[in-house]
Amino acid sequence: MKPRANPNWNWLRPEMNMMKNLSVNRDATWHLDQPYNARHLMFAIAALLILAVTGSRMEVPRMVQETAQGVGYAVGLNEESSVATGVKRIAESIWPLRISEEIEVSRIENFDRNDLPWLSHVEVIESRTPHLNTETLQLEETVESKEMLVKPVGYLMHVLLKMLETLEMALWGTILAVLLSIPLACFAAANYAPNRFIYNLARSTISLFRAIPELVSALFLVLAFGFGPIAGFLALGIHSAGFLGKFYAEDIENADHGPQEALQSIGAGQIKTLWYGVLPQVLPQYIAYTLYILDRNIRMATVIGIVGAGGIGLELKGRFDMFNFDHVGTILVIIFLTVIILDQFSARLRSRLM
């Protein structure tokens, strides 16, 4: 039996030699560019130098050192720490939280013992006051009895009412921001502004609103409208209009031009094109922006009250100035719980609407 002849592969050798040569040439010429060069290194060095200078001015090394000492004191490595001592003193001053309220009966006008507030009662409290007897030059104590109207949850209810006022300030500030930002956004969108002057004017107004912090505008508005929530929600609305106007205008400019061109081709004007061609596209983003601004205004409304613009911030500053840290602790807990609840509500509302 003759052996089977091997198949002839000679016809494939030129192609195989060509591929081998290409592979060799590619390996010889291909190289990976370096992702960083000397310019990036110079930028990094300059940034580190700037951070080093500003960090020393901001006392960052001392902050790190004292924080490390506080952590060491907490785990038993250090015997003392000024930071840990301060935190401990604050915690002892805040706790227990103040939820009750006591008012001297003699200071209540037209007090009726038969018509007390809900859960309230009258107590007689004795106070001992030391004074110097001028005749004997001895310290003596004087016992005074006072009738006090005790409201077990009186201060808690007061804080909740102030928190409600803060939420109302945030709500009206957001409504004002939306009302101001919608026309500004239409004029600040390059494809819908009537002319270049109106476009630049609208953009400048939006930048001005965004550049003025709420605390600064609240200070001037308090001088104009007096202490109270009016200055608060106006300050929130003006500053928030700067953010919403910018976001709204950019979404109008970036909206798909196909539906707009189709409406314009059948004779629709700018208002109808905006209503039917742009608004359906940008509405989900507008809702997300507005909910974010509402959430932000709730946080800021607790702060601007410090300058007298109403809300719980005014109560917080007053109690802090009087060193009533147990009252301050109650206020901070209410703010914290309110923010958590509203975060959950905002997240669920956003998930349902978008």
Side-chain angles (χ1 to χ4, degrees), residues 54 57-58 158-189 193 197-250 286 289-325 327-328 330-332 334-336 338-339 342 346:
T54 57
R57 295 176 60 182
M58 293 295 104
H158 175 71
V159 172
L160 290 177
L161 289 176
K162 287 295 183 180
M163 194 69 226
L164 178 61
E165 182 179 314
T166 302
L167 296 177
E168 292 170 345
M169 286 170 50
L171 175 63
W172 278 97
T174 306
I175 292 173
L176 178 63
V178 172
L179 294 177
L180 290 175
S181 59
I182 288 178
L184 284 174
C186 295
F187 293 131
F197 175 76
I198 298 296
Y199 171 79
N200 291 329
L201 181 62
R203 284 283 179 174
S204 300
T205 304
I206 290 173
S207 299
L208 177 64
F209 286 169
R210 196 169 61 254
I212 302 176
E214 294 95 333
L215 283 174
V216 176
S217 58
L219 283 171
F220 291 98
L221 290 169
V222 164
L223 296 177
F225 293 95
F227 295 104
I230 297 177
F233 82 79
L234 285 178
L236 292 173
I238 291 173
H239 185 72
S240 300
F243 286 97
L244 286 181
K246 181 177 184 297
F247 295 154
Y248 289 177
E250 290 178 352
Y286 280 15
Y289 296 150
T290 306
L291 289 176
Y292 167 74
I293 291 297
L294 175 61
D295 183 72
R296 180 184 177 278
N297 282 343
I298 291 171
R299 291 174 172 82
M300 287 305 303
T302 62
V303 177
I304 62 173
I306 293 177
V307 298
I312 202 171
L314 184 60
E315 177 72 14
L316 177 62
K317 182 179 185 300
R319 294 297 180 177
F320 191 86
D321 291 342
M322 293 188 293
F323 302 101
N324 296 331
F325 295 117
H327 296 77
V328 172
T330 303
I331 295 171
L332 294 178
I334 294 299
I335 293 174
F336 176 71
T338 303
V339 169
L342 290 175
S346 177

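Just the heavy atoms: all of them, side chains too, but no hydrogens, waters or symmetry mates, feed the values below. These numbers were taken from a predicted model, which means no experiment stands behind them. Index from 1, following the sequence.
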Non-hydrogen atoms of [X] and [Y] that approach each other most closely:
X: Gly245; Y: Ser181; value: N-CB, 3.4 Å
X: Tyr248; Y: Ala185; value: CB-CB, 3.3 Å
X: Ala170; Y: Leu294; value: O-CD1, 3.9 Å
X: Ile331; Y: Glu315; value: CD1-CG, 3.7 Å
X: Ala249; Y: Arg203; value: CB-NH2, 4.0 Å
X: Phe187; Y: Ala193; value: O-CB, 3.2 Å

Taking the side chain as every heavy atom from C-beta outward, state whether [X] and [Y] have any pair of such atoms under 4.5 Å apart.
X: Ile335; Y: Met163; value: yes
X: Leu342; Y: Leu167; value: yes
X: Tyr289; Y: Val178; value: no

From [X] atom [atom1] to [Y] atom [atom2], the distance as rounded to the nearest 0.5 Å:
X: Ile298; Y: Ile293; atom1: CD1; atom2: CD1; value: 11.5 Å
X: Tyr286; Y: Ile182; atom1: OH; atom2: CD1; value: 8.0 Å
X: Glu214; Y: Arg296; atom1: CD; atom2: CZ; value: 4.5 Å
X: Thr205; Y: Asn200; atom1: OG1; atom2: CG; value: 10.5 Å
X: Lys162; Y: Ile312; atom1: NZ; atom2: CD1; value: 9.0 Å
X: Thr174; Y: Leu244; atom1: OG1; atom2: CG; value: 8.0 Å

Next item on the list: Measure up the Phe323 and Phe325 rings against each other and bin them: parallel (under 30°), tilted (30 to 60°), perpendicular (over 60°).
Entry: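 If you compare the ring of Phe323 with that of Phe325, the planes turn out perpendicular.
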Check: Between His239 and Phe243, what is the ring plane arrangement, given parallel below 30°, perpendicular above 60°, and tilted in between?
Finding: perpendicular
Check: Considering the options Asn297, Thr302, Ile304, Thr338, which one meets the side-chain contact (heavy atoms from CB on, under 4.5 Å) requirement together with Thr166?
Finding: Thr302
Check: Do Tyr292 and Ser240 have a side chain donor and acceptor closer than 3.5 Å?
Finding: no
For a quick test of your reading: what N or O donor-acceptor pairs under 3.5 Å do the side chains of residues 225-236 make, sequence neighbours left out?
none

